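When a ligand or atom number is given, it counts from 1 through the structure's own listing order. In this text the structure is predicted, and so the values were computed from the model without any measurement. Counting from 1, the numbers follow the sequence of the chain as shown.
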Amino acid sequence: MAEVRYEAASRVYPGSPPVRAVDGLDLSIDDGEFLVLVGPSGSGKSTALRMLAGLEEVDEGRVWIGSRDVTAVPPKGRDIAMVFQSYALYPHMTVAQNMGFALKLQGLTKAVIAEKVTEAARLLDLERYLDRKPKALSGGQRQRVAMGRAIVRDPAVFLMDEPLSNLDAKLRVETRANIAALQRRLGTTTIYVTHDQVEAMTMGHRVAVLKDGLLQQCDTPRALYDRPDNAFVAGFIGSPSMNLRLTEVTADGVAVGGLPIPLPRESLAAVTAGGMTEVTLGIRPESLTPVGAEAPGFDLAVELVEELGADALVHGSLPQDADPTRLVLRVDGRTPPALGATIRVAVRNPEELHLFHPESGDRLI
Ligand code: ADP
Ligand code: MG
C-alpha cells in the first residue's frame, strides 16, 4: 500500500501546436484512498493515469508512489496493476491462466500461484469459471477476470481506466458497487478514471475533476456538489446539470425572468466588490420549486416533462428572458405540470444559489 503524488506533472504531446494533455497536475492521493479522475473526453484522464503507470512520459514535474520518486522508473518497477477498458485477456488461456500469468512471469511456484488465483476468484465470485476460456464468459465475468488479474499481484496501487464502459447499464451499476466494496476490503490505494460523473460521485472517496488537462477541483462528492469551485465543475457534477445563466445584478441581488432574488449579504458584497453588472447564476434543479399562481416567482413555459417515477424533470423557458437556455426543475413525480402549461416557479432558498464570475467562471463566494 502507498500514497501517490503528482507534483506539477505535465505531459506535452509534440505537434504544432503541442498538446498539454496534462498540465501542471498537483494531486496527492492518500494511502488506501479511492480517488476518481473524472472529466469529459479528451480532458487528460487516461494520460494522467498512464503517467503514473509509466506508460507515458512525464515531461515536467514528478510522480511519486509511496516515498519513491518513480518518474524515471520503468512500469515493471512501480508496483502497480492496471485494469483497462478493453480487458485484454489472452483468448487462448483459461481464466485461471489469465489471472496467474503475471505471477508465472515473476517466477512464483505453481502452488503459490494457484493459492493466489483461488483467493482472488473467491473474492470475485469466479471460482466456477476458472477452467473456461474468455470467449465462454459474459461481459461482466470478463470484467471480473481483468480485476482478478490485478488483484493477484497484490500491488501498492490499482489503476483503472474506464473498466465498466463495456458493460450494459444495469450491470455497470451493480459492478461499480462491487468494485467499491472490494476496494474497501482490500484497502489498496486506487485511482479510477471515468467520464461518467455519477460513477465518480458514487465510487470515489474524493473526486478530481479535469478539463483540458487542468485540474479544476478535487474534493469529496458532497463538497463538489455543494460548493463547486467554478462554473465548469458546477455544470459537470450533478444530473440533471445545474442551471447556469448570465444574470443581471440588481440593487439587492439578481433578477431571473423578472423575479428579483435578494442575495445573502456576503454574496452581494462579493458581487459589488467586483463591480459586476452581470454574474453567472447557478441554480440546482431541486432548488427551484413550483408555487401558486399568485406567489412571488417567475413564469415558466413548460416545454418538456421527463417523468422518472419518484420525481419528474420539468424543462421550460422564461417568456420574458433573452437567454434561450431552458431551465430545469425537479418536481414531485405524482403531480407534474402539463406540457404547454405555464407554471409559477420560485427559488426555494437563496442560500442554495451559486454565483460565478461572468468571464472566468470562478466561484464568487
Ligand atoms: P481522456 O482519457 O480524458 O479522454 P486523454 O488523456 O486520452 O483524454 O487525452 C488528452 C489529450 O491528449 C487529448 O486532446 C488527446 O487528443 C491528446 N492525446 C492523447 N494521446 C495522444 C498521443 N499519443 N499523441 C498526441 N495527442 C494525444
Ligand atoms: Mg481516456
Side-chain angles (χ1 to χ4, degrees), residues 4-27 29 34-63 65 70-72 74-75 78 80-89 139 142-143 146-147 149-150 157-167 169 172 175-176 179 190-204 206-219 221 224 228-239 241 361:
V4 167
R5 196 160 88 244
Y6 290 88
E7 224 177 71
S10 300
R11 172 69 177 124
V12 187
Y13 290 114
S16 51
V19 178
R20 299 189 68 87
V22 172
D23 196 354
L25 179 61
D26 278 307
L27 184 61
I29 298 122
F34 194 118
L35 181 108
V36 178
L37 278 179
V38 72
S41 175
S43 56
K45 307 179 296 292
S46 295
T47 304
L49 202 68
R50 292 167 57 85
M51 286 160 80
L52 196 63
L55 301 172
E56 205 67 73
E57 300 268 335
V58 177
D59 296 305
E60 298 159 10
R62 324 216 64 83
V63 289
I65 296 177
V70 295
T71 314
R78 294 194 183 196
I80 50 119
M82 194 149 171
V83 181
F84 298 93
Q85 172 178 351
S86 66
Y87 312 131
L89 302 178
R142 282 180 210 173
Q143 200 283 329
M147 290 290 299
R149 218 169 27 175
V157 183
F158 287 130
L159 303 179
M160 304 187 190
D161 194 348
E162 313 235 6
L164 305 185
S165 37
N166 287 333
L167 305 181
R172 213 157 50 217
T175 310
R176 80 182 181 218
I179 292 181
T190 300
I191 305 179
Y192 184 103
V193 162
T194 178
H195 65 274
D196 179 343
Q197 59 89 21
V198 177
E199 211 167 285
M201 296 288 276
T202 51
M203 295 180 83
R206 283 187 309 155
V207 176
V209 184
L210 283 177
K211 181 196 172 214
D212 299 336
L214 291 167
L215 179 64
Q216 305 291 305
Q217 186 172 2
C218 178
D219 221 321
L224 284 180
D229 274 351
N230 60 40
F232 175 78
V233 175
F236 190 75
I237 298 290
S239 175
S241 295

Under the criterion side chain to side chain contact (heavy atoms under 4.5 Å, CB included), which of L215, L214, I237 is the partner of V209? I237

Polar pairs, ligand 1 vs protein, N/O only, below 3.5 Å.
{"residue": "ligand 1", "atom": "2 (O)", "partner": "S46", "partner atom": "N", "Å": "2.9"}
{"residue": "ligand 1", "atom": "2 (O)", "partner": "S46", "partner atom": "OG", "Å": "2.8"}
{"residue": "ligand 1", "atom": "3 (O)", "partner": "S43", "partner atom": "N", "Å": "3.1"}
{"residue": "ligand 1", "atom": "3 (O)", "partner": "S43", "partner atom": "OG", "Å": "3.4"}
{"residue": "ligand 1", "atom": "3 (O)", "partner": "G44", "partner atom": "N", "Å": "3.0"}
{"residue": "ligand 1", "atom": "3 (O)", "partner": "K45", "partner atom": "N", "Å": "3.0"}
{"residue": "ligand 1", "atom": "3 (O)", "partner": "K45", "partner atom": "NZ", "Å": "2.8"}
{"residue": "ligand 1", "atom": "4 (O)", "partner": "G42", "partner atom": "N", "Å": "2.7"}
{"residue": "ligand 1", "atom": "6 (O)", "partner": "T47", "partner atom": "N", "Å": "2.9"}
{"residue": "ligand 1", "atom": "6 (O)", "partner": "T47", "partner atom": "OG1", "Å": "2.5"}
{"residue": "ligand 1", "atom": "8 (O)", "partner": "G44", "partner atom": "N", "Å": "3.2"}
{"residue": "ligand 1", "atom": "20 (N)", "partner": "Y13", "partner atom": "OH", "Å": "3.3"}

Keeping the roles fixed (side chain from T194, backbone from V38), state whether a donor-acceptor pair exists under 3.5 Å. no

Would you find a donor on one side and an acceptor on the other, under 3.5 Å apart, between the side chain of K45 and the backbone of P40? yes

For E56 and R11 the tightest heavy-atom approach is OE2-NE, 3.2 Å

Give every protein N, O or S atom lying under 2.8 Å from the Mg ion (ligand 2), naming each by residue and atom. S46 OG

Where do M82 and A53 come nearest, in terms of heavy atoms and distance? SD-CB, 3.8 Å

Test item: R172 side-chain N/O and L167 main-chain N/O as donor-acceptor pair under 3.5 Å: yes

Could you check whether N166 and Q143, counting side-chain N and O atoms only, form a donor-acceptor pair closer than 3.5 Å? no

Polar side-chain atom of D59 near backbone of V12 as donor-acceptor pair, under 3.5 Å: yes

Backbone N or O of E7 within a donor-acceptor pair of the D26 side chain at under 3.5 Å? no

